[in-house]
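Computed over heavy atoms, backbone and side chain alike; hydrogens, waters and symmetry mates excluded.
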Amino acid sequence: MFTPEEFIRVITGEIRKLNVKCAVAAVSGGVDSTTSAVVARLALGDKLIPVLFDTGFMRLNETSEIINSLTGLLPIRLIDVKEEFYRAMINMSDAEEKRLTFRSTFYNVLSRVVKDNDCDWVIQGTIAPDWIETTGGIKTQHNVLAQLGIETDKVYGFKLLEPLKDLYKDQVRVLARFLKIPSAVTERQPFPGPGLSIRAVGRLTMEKLEVTRWSTRIVEERLSGLGLSQWFAAVWEDNRTTSEELSKRIKDLGSLTVDVFSIKGTGVKGDSREYGSVALVRGKLSSWSDAFNLYSRLTYGTNVTHVIYELASKGASGGYFAAIRAVVTDDYMTANVPMLSESLLSSIADELMSNKLINAVGFDVTPKPPATIEFE
Ligand code: XMP
């Protein structure tokens with residue numbers, strides 16, 4: 001059984017033996033990176049420099065909310081690196097390319113901060129599912145290097161310490177509560193390192209990024225307090241073509257049509273990553289509960305990774321499509337879609353439709369597998 005006291009005793013002992021001159025901890029405000037920084041600070045005291053990068057892919061007001069919630073716990077320095085990330089990533093389309101570019105930009109920035117402060121170590125909040133999925137080829141998690149054989153001291157000029165690398169999310173939360181990290185952090189839903197850059201699906205533009213930021217705020221507010229594990233919005237161009245083949249597969253569930261978007265979305269099939277089609281089901285279902293059965297019909301034996309049920313549409317094509325994503329999970333390696341009511345989802349869709357740039361809205365009804373929680 002996991003006991004936080006014993007974990008802290010062992011890990012701080014190990015950190016003290018490392019003879020660290022000075023370490024930079026890249027904190028994102030999430031439970032993993034914050035907890036790893038707090039644990040490292042127990043061993044290193046003022047030799048630890050916690051930093052928060054504003055990558056430009058954060059949610060509305062997120063950086064100031066993080067700094068405020070950690071006041072008194074970690075003396076965080078905010079470093080504005082928006083321009084560097086925008087220069088590297090705007091106009092990029094492919095999911096893996098975005099992730100790889102985010103990772104290299106992130107470590108270049110980190111390496112500069114390490115040098116500027118004359119440090120020799122970096123503390124990072126990698127946890128077990130991060131490297132299991134990255135080494136398994138499911139996706140490139142932004143913070144996984146050592147497990148891929150990347151020697152950070154040779155490439156980036158610092159040694160890497162990952163105090164939580166053998167823990168799972170529920171154990172990290174137990175540890176965080178034990179360390180009296182505020183509930184605004186421990187109970188915060190996970191947010192991917194590359195942030196909104198991978199939720200503005202497909203070609204990354206400033207406009208799509210801003211629509212994603214705006215939609216995220218609405219979905220997060222409207223679905224909070226329901227006991228979900230993760231809930232957010234993803235946005236892409238509303239370009240689609242109808243698939244007769246896929247439409248036939250669900251004709252007994254109502255008068256339904258299946259479209260396929262021009263963007264692609266990530267999934268997991270078997271043990272490997274799939275970068276496949278995102279399907280949209282539109283029309284009237286015989287029963288709302290059938291929405292949650294659509295995915296098996298449309299993903300089995302096809303390259304479809306995400307199935308979305310359309311909640312609202314302005315009819316004409318063009319503009320953006322906003323997807324509402326919500327999952328319940330214990331370990332984020334698999335996840336289920338909660339049976340939210342149609343009226344709740346439709347009212348969120350109506351709010352999103354008030355944005356003149358949004359043409360249609362839907363709810364992702366695909367569990368993991370075959371989808372991933374994110375779209376990229
Ligand atoms: P997927 O989309 O692979 O996501 O089912 C599983 C969980 O991991 C989060 N995630 C990330 N977290 N850096 C992170 O720190 C990343 O690059 C990253 N990519 C995905 C995702 O939000 C979900 O909770």
Side-chain angles (χ1 to χ4, degrees), residues 59-60 187-191 199 201 211-236 238 240 242 246-247 249-261 265 278-299 304-317 319-329 335-368 370-371 373-375:
R59 290 164 288 189
L60 219 53
E187 307 311 321
R188 189 168 175 260
Q189 59 162 317
F191 186 62
R199 291 184 180 170
V201 179
V211 175
T212 310
R213 214 184 309 267
W214 179 86
S215 307
T216 298
R217 169 53 62 111
I218 289 173
V219 173
E220 287 196 347
E221 274 175 9
R222 297 290 308 271
L223 292 181
S224 75
L226 300 181
L228 304 174
S229 309
Q230 206 168 356
W231 63 101
F232 57 88
V235 170
W236 55 82
D238 190 9
R240 32 170 143 155
T242 298
L246 292 175
S247 302
R249 288 187 173 216
I250 53 168
K251 63 177 187 321
D252 57 313
L253 297 180
S255 51
L256 302 167
T257 304
V258 182
D259 293 338
V260 174
F261 286 105
V278 176
L280 178 76
V281 177
R282 59 187 163 86
K284 187 91 192 104
L285 289 159
S286 312
S287 143
W288 174 241
S289 60
D290 285 337
F292 302 88
N293 300 324
L294 292 168
Y295 80 90
S296 55
R297 306 271 192 103
L298 298 174
T299 57
V304 173
T305 52
H306 288 255
V307 175
I308 301 189
Y309 180 67
E310 188 174 76
L311 297 161
S313 167
K314 289 177 187 160
S317 63
Y320 293 107
F321 184 88
I324 302 169
R325 182 73 165 138
V327 293
V328 280
T329 171
N336 291 319
V337 177
M339 287 209 180
L340 300 174
S341 73
E342 187 174 14
S343 58
L344 171 64
L345 290 168
S346 296
S347 98
I348 300 172
D350 288 344
E351 199 171 336
L352 292 168
M353 293 291 277
S354 70
N355 187 321
K356 65 179 184 339
L357 297 174
I358 294 181
N359 190 52
V361 177
F363 181 53
D364 187 342
V365 290
T366 336
K368 174 184 181 178
I373 296 172
E374 305 287 346
F375 288 82

Under the side-chain hydrogen bond (donor to acceptor under 3.5 Å, both in side chains) rule, collect the residues that match up with Glu342, sequence neighbours excluded.
->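 For Glu342, no residue satisfies side-chain hydrogen bond (donor to acceptor under 3.5 Å, both in side chains) once neighbours in sequence are set aside.
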For Ser354, all residues meeting side-chain hydrogen bond (donor to acceptor under 3.5 Å, both in side chains), sequence neighbours excluded | none
Where is the tightest heavy-atom contact between Ala349 and Ala312, given as atom of each residue plus distance?
->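 Looking at all heavy atoms of both residues, the shortest contact is CB-CB, 4.1 Å.
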Judged by atom type as modelled, is there a donor-acceptor pair below 3.5 Å linking the side chain of [X] to the main-chain atoms of [Y]?
X	Y	value
Glu310	Leu280	no
Ser286	Leu253	yes
Arg59	Thr216	no
Trp288	Leu340	yes
Thr299	Val304	no
Tyr309	Gly283	yes
Ser313	Ala360	no

Using the side-chain contact (heavy atoms from CB on, under 4.5 Å) rule, take Arg222 and Trp231 through it: C-alpha gap first, then chi angles, then the decisive distance, then the call.
-> CA-CA 10 Å; Arg222 297 290 308 271; Trp231 63 101; over 6 Å; no
Answer yes if the side chains of Ser215 and Arg199 hold a donor-acceptor pair under 3.5 Å, and no otherwise.
-> no
Can you label the angle between the Phe292 ring and the Phe363 ring as parallel, tilted or perpendicular, going by 30° and 60°?
-> perpendicular
On the 0 to 90° scale, with breaks at 30° and 60°, tag the Trp236-Phe261 ring pair as parallel, tilted or perpendicular.
->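 Taking Phe261 first and then Trp236, their aromatic rings stand perpendicular (interplane angle over 60°).
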Pairing of Asp238 and Lys314 as salt bridge, 4.0 angstrom limit |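 Looking at Lys314 together with Asp238, the answer is no, because their closest N to O distance does not fall below 4.0 Å.
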Who are the ring pair (Phe, Tyr, Trp, His ring centres under 6.0 Å) partners of Tyr295, not counting sequence neighbours?
->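 Listed in chain order: nothing, the list is empty.
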